[in-house]
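Before any comments, here is the structure.
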2 protein chains.
Amino acid sequence: MDTHKVVILGGGFGGLTAALKLKNAPVQVTLIDRCNYHLFQPLLYQVATGSLSPANVAGPLRQVLRKQKNTQVLLGEAVNIDTAKRQVILSDGVVDYDTLIVATGSTHQYFGHDEWEEFAPGLKNLNDATAMRGRILLAFEAAERERDPEKLRAWMTFVIVGAGPTGAELAGALGEIAHDTLKHDFRDIDPATTRIVLVEGTDRPLPSYPPKLSEDARKMLERLGVTVRTGAMVTGIDAEGVTIKEGDRTEKIPTRTVLWAAGVLASPLGKILNQNAGAPLDKASRVLVEPDMTVPGHPEIFVIGDLANFSHQTGQPLPGVAQPAIQQGAYVAKVIRARFRGEKVKPFHYFDKGNLATIGRFAAVADLNWLQISGLPAWLIWIFIHLLYIVQFQNRLLVMMQWAWLYLTWDRSARLITGKNPLPLDL
Amino acid sequence: MDTHKVVILGGGFGGLTAALKLKNAPVQVTLIDRCNYHLFQPLLYQVATGSLSPANVAGPLRQVLRKQKNTQVLLGEAVNIDTAKRQVILSDGVVDYDTLIVATGSTHQYFGHDEWEEFAPGLKNLNDATAMRGRILLAFEAAERERDPEKLRAWMTFVIVGAGPTGAELAGALGEIAHDTLKHDFRDIDPATTRIVLVEGTDRPLPSYPPKLSEDARKMLERLGVTVRTGAMVTGIDAEGVTIKEGDRTEKIPTRTVLWAAGVLASPLGKILNQNAGAPLDKASRVLVEPDMTVPGHPEIFVIGDLANFSHQTGQPLPGVAQPAIQQGAYVAKVIRARFRGEKVKPFHYFDKGNLATIGRFAAVADLNWLQISGLPAWLIWIFIHLLYIVQFQNRLLVMMQWAWLYLTWDRSARLITGKNPLPLDL
């Protein structure tokens, strides 16, 4: 008899954990991702702001899984799932499965305004991060050469849309870049006059955190020179700037650099599971999973991570962060192992260890459920946890060293403009 | 009276050294480069082969020059030089000069076969390096998924054109990747069966080195599984492979991955200086400079580095490597300073400290003129020199750590496929 085939789509926190937890299980595991690396997404904003290199926050999937004999890694992009034939259709081939784990996560969305993407890039993968880094640095380069005061002001204004953790982290890092990193780097402009505007639709930054921590985060952001505009809806983005609406008042902020940290949209494989396996979806196109993370009526298909809406515990979907994905990855591996022993496993239960967001040096907020702290203690917890969870021992050392350097000298050594030639500048 | 304006085009070894040596001189220095970083070119092949990250071999020009009050860095691309009006024409502006230093180096060329570039990328800048890294890694990814034995063979064959230092270094690194780094990473292919062919037109690898060292280099390459084909001319490159001619015999090597490490071509600014200032050029479009590195008849225009042909010392142009460029950069700064004191400076004199090329771990050749060594001692000298010369203290530490890691574990952590989506694979 052939070995039972487990195919995992996506090498993020959920998919990679599932693969690792199936080590030595009596199955043949195939992990398929369109990237050849696992990305440590919580630190992606540090690549976008020049503190870390792409390789510091990404570990080659093959390297991570090299010692696991029952596991194969394939580079490929799933475009369809034939749930009747139990086949994953790649853009360049077909892979059979007995059990399927779909962990393809989410991407950013523009609430029906896809035309904004050109002017307001989001941050989901390494290419996004190096492109964002290039745009930020290029704005200062253009400012140094700009003579027209009005155009200069637009180059030196940065608007970040969305004050969730990513938006707050980006805004804080930009504040540090303007006030510290670039302090002595220019001759014709003063980076300290940079205007950084963080726009949020709800009434406070970090709306998923307790109100007290939001207040602390706001103060820390303001100390870094960030203007926090809450209760402000973005109604337009173009080459000249961002239009926001606060109550009845509409205002256009002239800017050349808009960073998008707002909406997320589930991976298109959710809709495919809906069409081909009748999987129920929520409004955000996430799959409403059973208590054991399977698709209703399809015990052989699991959906985990950002693509899953698991509401059985609190009546609300779990947050789209690393912890639920990791725990779900471990859980489905346990379910698959149990099935071979003919055992049942209790429904998935999320253990919320708390949430952390960092704003800058010595500045972070931590909601540990039983304790809410901010400032230096929260920042130390943040450092510790992130170094602990980052994939690969080498990266742990390299990241530690670069952080030590950064926080001692403010030097962001990875501030490179790479990618397509940005010249001539649009002065 | 206005301060004397020195404009430097190019932030490579020559241009950056000139800028640094003009610190506190009674001039206003403007360094213009189309990249925002200085590139430590001798280690670029390590980015292309996944040992180092782009930021490890590049230092932001502004960072390097931040403390130099008389120096401004501008991001820009020089497209013309108006030698009558003493102006540099950028693609997006104009900059006046009193003294001009042209240090825009060289690029790779395909000996009239520009159609080869698509199939045989060269290695001159960071984008080239990450693109080359992606192609190498993608070939192994495609091989793991390829079923057709003939196509598989082509994916697992790598041809490097040109056995100068860059070609030899790339071939050696590929040998280590195939035999060590990727050893346990695949399930359907054995990377140790990778075929690596180094093609060289002359009769030995590293033809600019003494014959004894070429012989040593050949042995080291062969020990790493590299086939060295000398006396072989490349007559064709297409999507299916490389055609080489040895004497009367023609052979087509089927391969999907060709790396170009052969011809270099001087920067187009040489031709512009020829047209606008009557600068004499050699066959490779390099400017034949005066003994003081100026353009004949134009004491206010210096040309240094790869773009200059300085033949006054030996009757031969100096090699296109870092040392002559660095020494010329320092020399022209000295000439400019002396002019303000009304003093004369002796003609430029190149002091050849020797040449180093590395093939792999513990494997290098060193031609120190008075001493020729190879193997471990040469490798230790190579390591020491490169760490000493790399820009920025932080990079020195990071590079040292990553090399220690690499040579202990063979793990190349920066082996990321980034850039445009390579899927679907052409299986």
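None of the values given here were measured: they were computed from a predicted structure. Numbered from 1 within each chain, the chains take letters A, B, ... in sequence-line order.
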Give, as side chain, backbone, both or neither, the part of B:S413 having an atom under 4.5 angstrom from any heavy atom of chain A. both
Partner chain B: residue of A:D426, A:N125, A:N421, A:T418 with the largest heavy-atom pair count (under 4.5 Å): A:T418
Let me know if B:T71 has heavy atoms under 4.5 Å from chain A in its side chain, its backbone, both or neither. backbone
A:R34 versus chain B, the contacting section by heavy-atom distance below 4.5 Å: both
Report which part of B:L427 has an atom under 4.5 Å of a heavy atom belonging to chain A: side chain, backbone, both, or neither. side chain
Quick one: does B:F40's side chain get under 4.5 Å of B:N56's, heavy atoms only? no
Flag the one option from A:L423, A:V73, A:L65, A:L138 with the top tally of heavy-atom pairs under 4.5 Å to chain B. A:L423
Any side-chain heavy-atom pair from B:P121 and B:R135 closer than 4.5 angstrom? yes
Side-chain touch B:L123/B:Y45, heavy atoms, less than 4.5 angstrom: yes
Contacting region of B:D188 [heavy-atom separation from chain A under 4.5 Å]: both
Can you tell me which of A:L61, A:T181, A:N127, A:N36 forms the most heavy-atom pairs within a distance under 4.5 Å of chain B? A:N36
Residue selection (most heavy-atom pairs with chain A, distance under 4.5 Å) from B:G50, B:A131, B:G419, B:A414: B:G419
Hey, which of A:E77, A:K420, A:R415 has the most heavy atom pairs under 4.5 Å with chain B? A:R415
Identify which part of B:R145 has an atom lying under 4.5 Å from any heavy atom of chain A, answering side chain, backbone, both or neither. side chain
Could you check whether A:Q72 and B:E144, counting side-chain N and O atoms only, form a donor-acceptor pair closer than 3.5 Å? yes
Tell me, side chain or backbone of B:L90 under 4.5 Å from chain A's heavy atoms, or both, or neither? side chain
Criterion side chain to side chain contact (heavy atoms under 4.5 Å, CB included) on A:K183 and A:W410, from CA distance to verdict: CA-CA 10 Å; A:K183 203 171 187 174; A:W410 294 117; over 6 Å; no
Report yes or no: do A:W155 and A:E141 form a side-chain donor-acceptor pair below 3.5 Å? no
Are the side chains of A:D82 and A:V94 in touch, meaning some heavy atoms are under 4.5 Å apart? no
Give, as side chain, backbone, both or neither, the part of A:T409 having an atom under 4.5 angstrom from any heavy atom of chain B. neither
Quick one: what part of B:L126 sits under 4.5 Å from any heavy atom of chain A, side chain, backbone, both or neither? side chain
Under the 3.5 angstrom rule, does the side chain of A:R396 hit a backbone N or O of A:I390 as a donor-acceptor pair? yes
Assess the side chains of B:Q28 and B:N70: does a donor N or O sit below 3.5 Å from an acceptor N or O? no
